Structures are given as structure tokens and as C-alpha cells.
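As the structure is a prediction and not an experimental result, all values here were calculated from the model.
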Amino acid sequence: MKKIEAIIRPEKLNDVKSALEDGGFVGLNISHVTGRGAQKGIVHSGRGGETYTVDMLPKLKIEVVVKDADADKVVDIVSGAARTGNIGDGKIFIIPVEDAVRVRTGERGEVAV
Amino acid sequence: MKKIEAIIRPEKLNDVKSALEDGGFVGLNISHVTGRGAQKGIVHSGRGGETYTVDMLPKLKIEVVVKDADADKVVDIVSGAARTGNIGDGKIFIIPVEDAVRVRTGERGEVAV
Amino acid sequence: MKKIEAIIRPEKLNDVKSALEDGGFVGLNISHVTGRGAQKGIVHSGRGGETYTVDMLPKLKIEVVVKDADADKVVDIVSGAARTGNIGDGKIFIIPVEDAVRVRTGERGEVAV
Amino acid sequence: MIDSGDTAWMLMSTALVMLMTPGLAFFYGGLVRSKNVLSTMMHSFIVIGIIGVLWVVVGYTLAFGPDAGGGLIGNFDYFGLKDVGQEPGPYAPTIPHLVFMVFQMTFAIITPALITGAFAERAKFGPFLLFMAVWSLVVYAPIAHWVWGDSGWLLEYGALDFAGGTVVHINAGAAALVAALLYGKRRGYGKDPMEPHNIPFVLLGAALLWFGWFGFNAGSALGANGVAANAFVVTFVAASTAMVTWVLLSWQLNGKPSAVGAAAGAVAGLVAITPAAGFVDTMPAIAIGVGAGAFCYGAVQLRIKLKLDDSLDVVGVHGVGGAWGAFATGIFAVATVGGGAGLIDGEASQMGRQLVGIGATMGYSFVMTFIILKVIDKLFGLRVSDDEEEIGVDAAQHGERGYVFEIGGTGFVGIPEAAAEPAASEAPAPAGSGGGGL
Amino acid sequence: MIDSGDTAWMLMSTALVMLMTPGLAFFYGGLVRSKNVLSTMMHSFIVIGIIGVLWVVVGYTLAFGPDAGGGLIGNFDYFGLKDVGQEPGPYAPTIPHLVFMVFQMTFAIITPALITGAFAERAKFGPFLLFMAVWSLVVYAPIAHWVWGDSGWLLEYGALDFAGGTVVHINAGAAALVAALLYGKRRGYGKDPMEPHNIPFVLLGAALLWFGWFGFNAGSALGANGVAANAFVVTFVAASTAMVTWVLLSWQLNGKPSAVGAAAGAVAGLVAITPAAGFVDTMPAIAIGVGAGAFCYGAVQLRIKLKLDDSLDVVGVHGVGGAWGAFATGIFAVATVGGGAGLIDGEASQMGRQLVGIGATMGYSFVMTFIILKVIDKLFGLRVSDDEEEIGVDAAQHGERGYVFEIGGTGFVGIPEAAAEPAASEAPAPAGSGGGGL
Amino acid sequence: MIDSGDTAWMLMSTALVMLMTPGLAFFYGGLVRSKNVLSTMMHSFIVIGIIGVLWVVVGYTLAFGPDAGGGLIGNFDYFGLKDVGQEPGPYAPTIPHLVFMVFQMTFAIITPALITGAFAERAKFGPFLLFMAVWSLVVYAPIAHWVWGDSGWLLEYGALDFAGGTVVHINAGAAALVAALLYGKRRGYGKDPMEPHNIPFVLLGAALLWFGWFGFNAGSALGANGVAANAFVVTFVAASTAMVTWVLLSWQLNGKPSAVGAAAGAVAGLVAITPAAGFVDTMPAIAIGVGAGAFCYGAVQLRIKLKLDDSLDVVGVHGVGGAWGAFATGIFAVATVGGGAGLIDGEASQMGRQLVGIGATMGYSFVMTFIILKVIDKLFGLRVSDDEEEIGVDAAQHGERGYVFEIGGTGFVGIPEAAAEPAASEAPAPAGSGGGGL
Ligand SMILES: Nc1ncnc2c1ncn2[C@@H]1O[C@H](COP(=O)(O)OP(=O)(O)O)[C@@H](O)[C@H]1O
Ligand SMILES: Nc1ncnc2c1ncn2[C@@H]1O[C@H](COP(=O)(O)OP(=O)(O)O)[C@@H](O)[C@H]1O
Ligand SMILES: Nc1ncnc2c1ncn2[C@@H]1O[C@H](COP(=O)(O)OP(=O)(O)O)[C@@H](O)[C@H]1O
């Protein structure tokens, strides 16, 4: 199995979620991260002349664990749905998963994901 | 070493934490995720007829890095403590870890976890 | 490629970020976790005699995906910058990454990180 | 002659009504998404600023200056508050003219602020400011003159509006309908969830509105007298009734008694009793409250069905609630309370006069707001760009974000402990970073 | 005859006391876990709704109607506010009867709301509503009649209660004790941490309570006079003193000066001075404040030891604070302040009369609350299910959640910058999603 | 003789000014980082406690007791409020002496609380308490005596200060400058971002301050009269004007109209109008407001350039705003408003007298605050340790944290649904954990 770890723009979440569902991939987890990359941050201003450039931007991390065979398909779905073509679109990482367990039943292996 | 990544119900946290401690596994990390799976979401209602079905539910991700030899034991402890038998109990993933470092001392390898 | 997953003290974030940047590693993700380890928690007090020892402490998780060749360098940078020498300094884990994709362009492999 | 008791009450009422606008900022601010909380709150706050200057210079004289002809608008006699001083003026014989003026200023402030709920989460700041300023002079001031001003035509005609059912609520509701249509729907409306981000703020806003409304309605008696007492009581009772009505309806029809519904219901009741407060008895106030809860709840449901993005339900609550209240005044007014008589006091024709007041206000507000917004849209554009809407109006328009909960500020998970020991004695205090126990 | 100054003050006092109940909602709401914030706040808000209707229909006449016999309860003469109008009534000669009625309504509202702290985070909404309504008529109205009503037996007997030490606080405290026992402990009580989720809200609640309490106590003089002035001052001083006392005790005994302790201490002082406010001088008010801080702090510690899940310490603060204040009135009252004399004014027997007042209130409230809750529990069940408690009462009972801090709303980490450049000029503005700089 | 209307207004004004200090707690609390919110709010709250006791015992007599000689300080005649009772005192003939005393108490409370913005996020709690108590008696009480007390030298000399421009704002501003210097910069100042963590709280604070300021300024007329009306109106207008001015400046010069700027601007306007409120007409109030917005905005920018860590801009807003207002009083006062005459009323010399008042206050406050803080620093240390600062002052000094947003309380992401079905009917209800639909 593989864990597909995708860092995406928050505003692309709904697109990515729907695309995955359409592709038959329902199970997933989302968490908030702040990321730094080539992309510039937002400038925040204070009372007077004070401004802050926030060098990190809010991103979402989507994690989907899939059978080895599905890995490329999921990568394509996510990268298609998350793309805007601008700097800051994010990354997808593919990480090996040795085993998986469904807590409810104790089943292990590919049936569990 | 292995990283045991368990997605559990938030209300099972204390049970899982205690069970791990009893089993001799103190070190761990927890983070908030929102997960989608077979389980249905909660319906939230607004002022008038508006309702939202939230298709994602709050879950906790527990990460424990352990020696290869302990991996199965930890999986059993977590899956035993987190189980309710209902849809939505969560998943456990086992991910290979190539090396570990204790920041305080710089020690590497299994002694560091 | 490797994913360097470092659990550090929140107050060390700026040091670690700068050190990584100085070393040429700009891209990274940060997320909030709460960790349990050897370190003791903070005692919180309530209205009257009630106090809570929080057995978990806020930590930051920094994730950097790098070429295989850079892994050790990043580990050294982070562990150097995050160290105070006291219990609770955190851990660094090295996890294999099979592939990476830059969403913006679709590029894969080491060029994408 | 100045009466110190009346003056004390009117000073206090003015402060109370002033507080309603920040209250509204919290009511509205809590209902939007967290990325738009500041821009939504600024809508209300900055209106206090703009109208707080405009009114003393020119708004007051347009609304309450001696009639310029036909009961349509005031002349410029009070321009820059000329002759508006510490002595009583023509509208209230026992309080300084300045107090009457500033009491009215708070009404002139909250009315445009109410409209802003219709276009929350998508308005460009500059054009919005212009809209508020122009609307205040072109729509609010004339209508205030018609209903309350020197020889105002609706006043002369006999339409009853004790504290602003037409001038404030119907007026704002009609303008909000236009604004919702012209601003257009928020991106993702009907698709993405747009849940309130901070319901305790909504409740805070409702509480401050309710508190301030005592000044709004009982202050409209212009003194600390029996009519003020009556207005105070019926205001309280109608709000309570409408809150309970709305909660029960949401329970029955949506399955759960909603906290946002409690807040919305209370406001609906306050709106509906406003025109009636100095004219009706307490038991009819219960009827007005039940009607307010039911009609406004229904209006909001209809609005949802029609997919109209009147984002914070200004039309359903203020438009419909105000209209119901103004009409109900024609039913329930009894002369023994405040001098006006309606259906139950044998004066069925009053209902007709109320309808004229409602219709005139609605029509004028609708048309003029349409023109103003169309022109501003042509010249400057009303909405932020799609990107800015996605990022959030706070960051995009104001360069700020509402909340920054820092590292360590959230997300703790812990276990309780019986002993009452201070932290330091329990943990081996590390020498370096972390101090006592961390 | 109506005095405009007295009326102004009483209208304002009523508004102030009304605001206390939302204040309480924040005080209580901040103390619970975030998943129960709305249900806890709704406990207070919805009570404003229910009692706001019940009181004008029947509650007022039960409490303040002409005595039905024996000083135990009022008759139905004021049913539906019949004969309660703009002219002064029998209780206050210089203000409209309606104002006295609505001032008392705010007391009738906050008293049951106080009890809700005992069963926060686990109550089922429907049965809770029933409890509040029944309790108001069966427990509150009679006790109000005894102490303040026409020929009330405690009034005739000579027990002193200026602004509600017995009627409001001891009464609510006794009912809270019963409720805490009958509702039972929250799941995980004593095991899981149940830290306050929003202490700034606790402080907001305390501030609004304090602010409103000026109306509660100084308004109980029923006019803007010397007694009101005295009540205002001693209220302020007792609250200040008790706040400092509690903070110092928590510092000494728990190791850290607690912010929640400051809020709780202030409320304890306000409770304790309530029965005494129109009877004691300022220096004794300091003594009352010190006592309030110390006794209530001790009571809370005892409650923790006994593992009684009176979740938000209604018994410890209102029950104990109210009893101390009522008793202290018997010690410190001097006739020159408000007419009543206690121990230091040579009237030692007053302490006995105070004890009778305390005991009668406690006993009646305890027994009747027990019966009401037992019956409701049998018929409908008091608590939510275990699952609902785990998920949170907000989602389970109200279908809402307090906060939704959106993606991007939290978790930023950044670096400051000297230059004051707008964002757009710094970043290559991407054409697509992200706009100026994102 | 006591006038009930004047008394009603002064009781209410006192309550309003009391509420300003919690308002300040939110204004300041919202501006700091989330890990320091409680300690910052406690700075204000605990001052209500300490000064609320100190003032009645000894502060009042030092400030307002019969002159002890030279117009420098009061004697001990009113020690423990001896002879301060329900009858009018020497300062206000129509209200109880106790009311005047407690009105002044609220001023004595907020003034030291204002200073705390200069050292937020780094002060040790114990030494801070000592500072507040000593400062109140050694700095505040004498200056209050000079300006408002019996035969106070600045009063006799003819410096005009209607409601506290010198006594409150310039005084606090000067002390804040000393405090910022002696406490030193926060760790990471100028390097780490120190963004406000909760801007809605900042707006809440600004709203409560504004609301309360009506009592501050219009209450300073000591009755419900024409001068109170004038003070009320100009207060409103100056705040509105300064808010708009600051927002426009931040828009022009920083690129975005800031919400924090709106709050800061409003406060700047309120500060500046304070000394002038009972002396100037409405149109000059607009000028004062524009000046306040511009000068204070500029002062804050200068402070940033100078890298002075006056963390919440007490010097820039209260010091500079107060000085501008006091000087402007010398320009715009006209005798027809409140008796004092300035430049535009032909009395150019008044500007000189105003400068003397400003200078004397600044100098005395500066020197005395320096001495007090130096001594306390020597004896106990002013700051928390570096570790404690890093962890956050809330956890370190108070053992509490502001917010605990629980698991499940945040972070949801969802989709909307058209149908209004209750949850239970949609999901197969699982038997175990999770209940209806979860
Ligand atoms: N080496 C890396 N390791 C982990 N995450 C990264 C890395 N580089 C970038 N990221 C994540 O991807 C996001 C987008 O990267 P960025 O360089 O801005 O855009 P792009 O991928 O389009 O070139 C970053 O905000 C960060 O969250
Ligand atoms: N393929 C997956 N990859 C990652 N996380 C998953 C995946 N499938 C499920 N999850 C996580 O597990 C949780 C429980 O899954 P669900 O299908 O509802 O229950 P169960 O595992 O009991 O069948 C989900 O909410 C999600 O957080
Ligand atoms: N086995 C583990 N797996 C995952 N994270 C761990 C593990 N052990 C420790 N951690 C993380 O590292 C942090 C520091 O660990 P701790 O034992 O307190 O200090 P140290 O590493 O200095 O001995 C913990 O708070 C936790 O976040």
C-alpha cells in the first residue's frame, strides 16, 4: 500500500474531495499545515506603520492510503484537481505503507483501506 | 523502526493513551485531523430551513514510533483500546522509519525512540 | 527521497526555520501536535483547589522532503538548531518517500521537492 | 424647560442605542466565516464614524430641520447644528435640543448598518463607504422627515410609527433586498457550507441589541414617563415571545432548537414591537411577538428556498418583522396607552394608514437604493475579486485576520489531578527553555 | 406621583439587570468545554424568553399580587397585568407600576438561570425548559412574595433582604444543590480534565454581571436617592474586596493567582452584598467582601473534595455567598443607612430573624426543587444520553457548534517586516487563485 | 438638595465608567498574543479590585479631601469615607456625596489600568500589583487634587480639564513611557511577529470604552443638564471623526484600511475630546477629532520607528491624544458652552495655562513613576523570566490558559444540504459511541 500525502491550497479542497469521490476514493484524512515554499506570503498590517510579511501560508494536507495499484491514479486525480498553474499549488508525496488495520474489525492488509 | 499511525475517535483518546502507557509506550504525538470514510456526518442546522451535513468528522491521529519488534504489540494495543465495533472506528497504518534521532543528545537509531 | 519529520519545541521554530533557510532548504510544512514523552506537563489550576496536570505538551512537527543525499545534512541542521539540552527537545524521524510530484507542473521525482 | 429626569433617561437611551451598532457588528460578525469577521464588523463600526460626522453637519437638518415644503425634507436651518443647543428644541420640550439630535443620530447610524448584512463577505470597502454615506442622506434623511420630522407628510397623514418600524426596519429591509440582488451571491453559495463561525458572538450581539433596544423604544418616549414604561415592558415581552416562538418552530420543523434561532427570534420580536411600543398593551405585545417569530422564521425559510443570498437575513428579519409590526400597530393600538387607536380600539381605518406608511417607505427605499447601487457599481464595482473572496475579505481588504491562536494556545489534551500542588514542585525544573514544569 | 428622575433610574436599572442574564451566559459558557458552550449559554438565554412571558401573565401576580392569605402567595388580581399600568402601584410611589413590574421580572429571570450552572454539559433541553417554567412559579414566586410581596410573612416578621440575598441567591443555591445531586456527575468527572474553554468569556460575563449588579442593588432602592447611592457604593466595594481576597487565597493556597478566581471572587462579593446593600456602611462592606471571598473560596474547595459535580459552583458562590450576606446584614445593618438595625446598631436579635429567613428559603427551595426534578426525571429523563454527552450537547441537542475557525483562520507563523509596503507590490501577483500575494 | 434626575444620571455614568475598565481589558487583551491574553486582562481587572478598596479608605481623601495646603493634596478628613454620606458634598450640590465619590473612583481605577498597555506580555504579577497601588496614591491622587480637588493649584490657576485630559490621559501616557523604558522590550520584539490574536475583542473593547466614555465625559457635568448634553454630543462626534481619520490614514499610508486602526482611532478621539467636552461646540469637536486621528497615528508610527516597545501604544494614544486635547481646549473653548474661554473666544492666554497643566502633569508623573518603578525593580524585579515569557505569562504567572478549543471543536469541513431532515433519519444510527448520526 501507499500513502499519498498531498499538500494543496485550502481553496481547492472541495474540488479535490469531489474528484477523489468520483474516482471511487472515499476514505481520507485532512489536516491543517502551514507551508513555506517559493510562494510569497501575505502582508499583514497593524495599527500604524507596522506590517508583517507572513512567510508561511496555510495549506491543507490530504492523506489517502490506497492499494499499490491505485497510487498513480490517485496522484493524477489530486494533482489534476488541485492545479491552478501558479506558484504555491503544492506537492504530492508517495510514502510506502507496510500494513493497514481496520480498527472496527481488526482486518489487516489491503482490505482494510 | 516503524511509525504506527492510528486514526481514532476523539472520545477514545484517554483509553488509548492509558493502554499504551500500561504497555510501556509513553512517547507519542497526537494531532487533529478530519476524516472521511464510510461513516455518515453530523447534520448542522442554521437559522431557518438551512442544514449542513458535514461529510467529514473530527478524528485524532496518534503517531508512535517503535522498534520493529514492538510494532505488532502497539497495533494490538491501539486497536483493542480504540474499538467500539461501529463504523468510524478508524484505521491504523504501519509505515517504515529508516532512522530516528533524539534531538537532546543526538543519539540515533532504536535507542532514540 | 526522504521525509525528515522533526518534533520540536514551539519556541525553537524560528531558529530551525532560519537554519534550514541558511542551509538552502526553503520548502517545508509545519503542523501543531501535542506530544507525550519523558518530559512533565504544566499544572493548570481552576477556581478553587482543582488543578490539572496536562501530561501532554504542545510541540511542532516540521516536515521537509529532501533528496536522499541531503537527508543527513537536514537532520544535522534541525537537531542543531532545536537543541536546548533539556528533556523534551524532541525527535527526528527519517521516512522513505518513493516519489514526489509538483502539482503546479506535474513534474515528478527529485526535481519536484 | 429642561427636566433632569427626562434628560438623564434620554442621555442614557442615546448611549444604549449607540451600543446597538457594535452589538450588530457582533451579531453579524459571528454569523460569517472566520475569514470575513473583521470586514463584516467594520461595516458596522465605520458607519458609526461616517454618519457620526455627516449627521451633525447636514443629515440632521435634512431630517429634522424645518420643513422645506410638502413634508418631504427638512431645510438647511440646522446646517452644522446651527441653533441646536443646550436649550430644548421643537421636538422635545423637556430635554436639550442637542440630546434629541444625538438620540436621532444613533438611529441614523444603525439603519444603514443593518443593510450591510445583505452583502457580507463580498463587498469592496471603498464603494461600500460611498454607498453608506449617500444612502444616509438620500434615503434615510427624507424618510425620517416624512415620519417624524416637522410637518412630515406621513406624520400629518396619521401613520403611526413609535420608534422606527418604517424609518429604520422596513427601510433597511427594502434596501437590503436590492443590495442582495445587486451584489449577487457569494461564491459557492448553496454549495459550500457557510456556517456561522462564532455563535457566542451572535448571542453577544443579540444581547447588546436587546439591551440597547430599551433605549431605542423606551427612549422614543423622549422622557422618563408612563409611555416610556409601557414601551420598555412591551419591548421586553415581544422579544421574549418571539425568541421562544422561533426556537419552538426550529425545533418542530428542523429537528433541533437552534441557538442562532434564539438570537434571530429575539431580534425579530424587537423589530416588530418597535413601531408599536408606545401604542399597545402588554398582552397584544405577546401576539406581536408570536407573529414576529412565525412570520420572520417563515420568511427566512422562503429566502432559502428562493436561493436569495441575503446573507444575514436582513429582509426576512427587519423587512418582514418591521412590516408586521407596523401593520400590527394598526390592529392593536389603543388610545389609553399612547394616544393612537387601531382596530381593537374601534379605528379600523388605521390599518390602511399603516399600509400606506409601509408601502411608501418600501417603494422609495427600493427605488433609490437601486439607483445608488447601480451607479456605484458602474463607477467602482461593488464586489471584491473572486480571488479576494476566496482568500477572505479580511486579509484582502483590510490586511488583517480576526484570530491568531498561537502555537501552544490550542490543542492541549490532558489529565486532571487531585492534588493542589504548584507546578514547580512536581517536575524536575529544567535549566533551559521551559521554566517551571514545562 | 411619578418622579422622572426615579423613573429614569429604574428604567435603566431594569435594563442593567436584564443584561446580567446574558452576562451569566458568558460567565457560564466560558467555563465549560467548547463542545457545550452553546447549550450552556442557551440555558440562560431561553430563560429570558420563557420567564419574559410567564411573568407578565401569571408570575407577577403570584409574587406581588395582593396577598392571598398568610403572606404566602399573591392572588390573581394582577393576572395578565390587569391594573398594572402607567400610574404608580402600591410598591413604589414615584414610578409607573409597569416599571416596578418589569424590574422584578429581571430578578425572576436571572434566578432560575443561576441554577443552570449546576447541571451544565449534560441536561436535555426539553425537560430543562419545563423545570425552569415550573420552578419559577412554584418556587420563585412564593419566596418573592414572602420577602417582598404584599404582607409577605418574612417581610412582616422583619427579616431584611435588600435586593435578593434570600429570594435570589440562597434560593438558587439550594436548588442548585438538589440539581447537582439529581442530575448526577458529568461523564469523566474527576478523571478527564474539564478546563474552562474560554476564560476571556468568563471575564466578560463577570464584567457584565458586575455592571448589571449596580442596577440590581442600587435599583432596589426604587429611586435615584441616597439609599441607591449607598447601595451602589457598597456593591462596588464588596465586589472589589472579594475579588482581591479570592485571588490572594488562590495565590497562597494553589500557587498561582487565578483569573477565573478573580471573576468568581467578584461575583461572590456581589452576591454577599446583595441583601445588605441598602442597610450597611462602606467599611462593613469591606468586611462582607473579605468574608465572601474567603467563605466562597472555601466552599468551592470543599465541593471539590466532596466530589460534588455542581459544575459551575452555584452552591459555593450563590448559596454560601448569599447566606453569608444575609447573615452579615444582621450584624452590620445600621438604621442611619436604610432603616434596618443589626448587631452593631444594638439589635442583636436581627441575626436571629436573618437566620429564619435563610432557613425558610433554603428549606422550601430544597424540598420543592427536589420534587419538581424527581417528577420531571421520571416523566422525561433529565440527562442526555452518554453518546450525546460524549459528542457534546451543542451538536446533540442544538445541531450547532460554537466555533468554526476556518482553514486559514489559524495556525499562521510569520516574520515581521520593517517596510510598510502593501502586499501587491511585493509578490508577483499570480493570475489564478490567490490574488494579491497569496 | 438632591435632584433625582441628576442622581440618576450620575449613578448611571458611574456604572458606565466602571465598564470602561473591563472594556480596556478586552481592547488590550485582544491586541496581545493568545498566550498572554489572561495576564493582560488581569492587569485591568485586578486594578478594579485594588483601587476599589484603596480609594474608599484613603485615596478619596487624598484627592478630594479639604486641601492640606498649597493646593497640592487633600487632608485626611474623609479617611474611610468619614462624613461622605447620602447628603450632597462640597463638589456637587444636587447628588449624594457618595455618588460623587464613587464616580471619581472609576476614574481612579481606569487611569492606572491604562498604563498597563505599556508593559503587557512581560510583567511579573506581584510587583505589578504593588506598582498600581503605590502609583494610585503617590501619582494619581495628588494630580487629581491639583486639577479638581478643593483649592487645587491648577484649578485655581485656571487650567481647564473638563473630564480628565491631564489627570487621566496625559498622566497615564507619561507613566507609560517610563514603564515601557524600564520594563524593556519583549523578547523577540522587532523580530518575531506580534500580531493581535483576537481583533474582534479589540473591537469589543473599543465599543465598551466608547459606550462608557459617555459617562466619563457627560457624567463630568455632574448632572443631567445642558453641559452634559454638549459633552455627550462632542464626545460622540470627536470619536467618529478620529476613527475615520485614522482609517483613512492607514489606508493611504499602509495600503489597507485597518480594523485595529478604527478601534485605535476611536479611542484617540475619545481621549482628545475629554478635557474639552464641556467647553467646546460641535464643529470644533470635528477639528479635535481630525487632530486626534492624525497626531496619534503619527505618534504610533514614530514609536515604531524608534523601536520603543510601548506594547499597546499608551503613549501614542493617551499621552499624545490627551496633550492635543488639553491644548485644543485652550484654542476652542467658548464661554457660552461651559464657562471657559479659549483662543477663538478671545482668550489666547488660555493656551498658556493649558500648557502649564500639561507640563506639570507630565513632569510629575514622569519623575514619580520612574522612582516607583526603579525601587520596585530593585526590590522584586519587574519582569518574568525569559522562560516564562517564552511559555506565555498566562501559564507561567496564572497557571491558566485563555482558550481550550477541544477536540472536535474546530477544523470541520463540510458540505451543505438542501433538505431539512434531522440527523437521525439519515444515518444508520450506530449502537455504540457516536449516537444520532455520528
Ligand atoms: N521540500 C518540501 N517538503 C515538504 N513540503 C514542501 C516542500 N516544498 C514545498 N512544500 C510545500 O508545498 C507548498 C507549495 O510549494 P511552493 O514552492 O510554494 O510551490 P510550487 O510547488 O508550486 O513550486 C509549500 O507551501 C509547502 O507547504
Ligand atoms: N483510505 C484511507 N486513507 C486514510 N484514512 C482513511 C482511509 N479510509 C478511512 N480513513 C480514516 O478512517 C476513518 C474511519 O473510516 P470509516 O470508513 O468511517 O470507518 P471504518 O474504518 O470503521 O470502516 C475515516 O474517518 C478516516 O479518518
Ligand atoms: N516514540 C515516540 N514516537 C513519536 N513521538 C515521540 C516518541 N517519543 C517522544 N516523542 C515526541 O518527542 C517529544 C519529546 O520527547 P521527550 O521524551 O519528552 O524528550 P527527549 O526526546 O528529549 O527525551 C514528545 O513530547 C513527543 O512529541
How long is the gap from [atom1] on [X] to [atom2] on [Y], to the nearest 0.5 Å?
| X | Y | atom1 | atom2 | answer |
| --- | --- | --- | --- | --- |
| C:Phe93 | B:Met1 | CZ | CE | 8.5 Å |
| B:Ser31 | C:Lys61 | OG | NZ | 5.5 Å |
| B:Leu13 | C:Thr34 | CG | OG1 | 8.0 Å |
| C:Lys59 | B:Asn29 | NZ | CG | 9.0 Å |

(message) If the contact rule is any heavy atom under 4.5 Å from chain B, which residues of residues 99-113 of chain C qualify, in numerical order?
(response)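 Within residues 99-113 of chain C, no residue comes under 4.5 Å of chain B, counting heavy atoms only.
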
Could you tell me if the side chain of [Y] sits less than 4.5 Å from the side chain of [X], heavy atoms only?
| X | Y | answer |
| --- | --- | --- |
| C:Ile94 | B:Val97 | no |
| B:Lys3 | C:Ile95 | yes |
| B:Ile30 | C:Val33 | no |

(message) Keeping C:Arg36 on the side-chain end and B:Val26 on the backbone end, is there a donor-acceptor pair under 3.5 Å?
(response)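 Here the side-chain-to-backbone pair exists.
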
(request) Output the option from C:Pro96, C:Ala6, C:Ala82 having the highest count of non-hydrogen pairs under 4.5 Å with chain B. (result)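 Of C:Pro96, C:Ala6, C:Ala82, C:Pro96 has the most heavy-atom pairs under 4.5 Å with chain B.
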
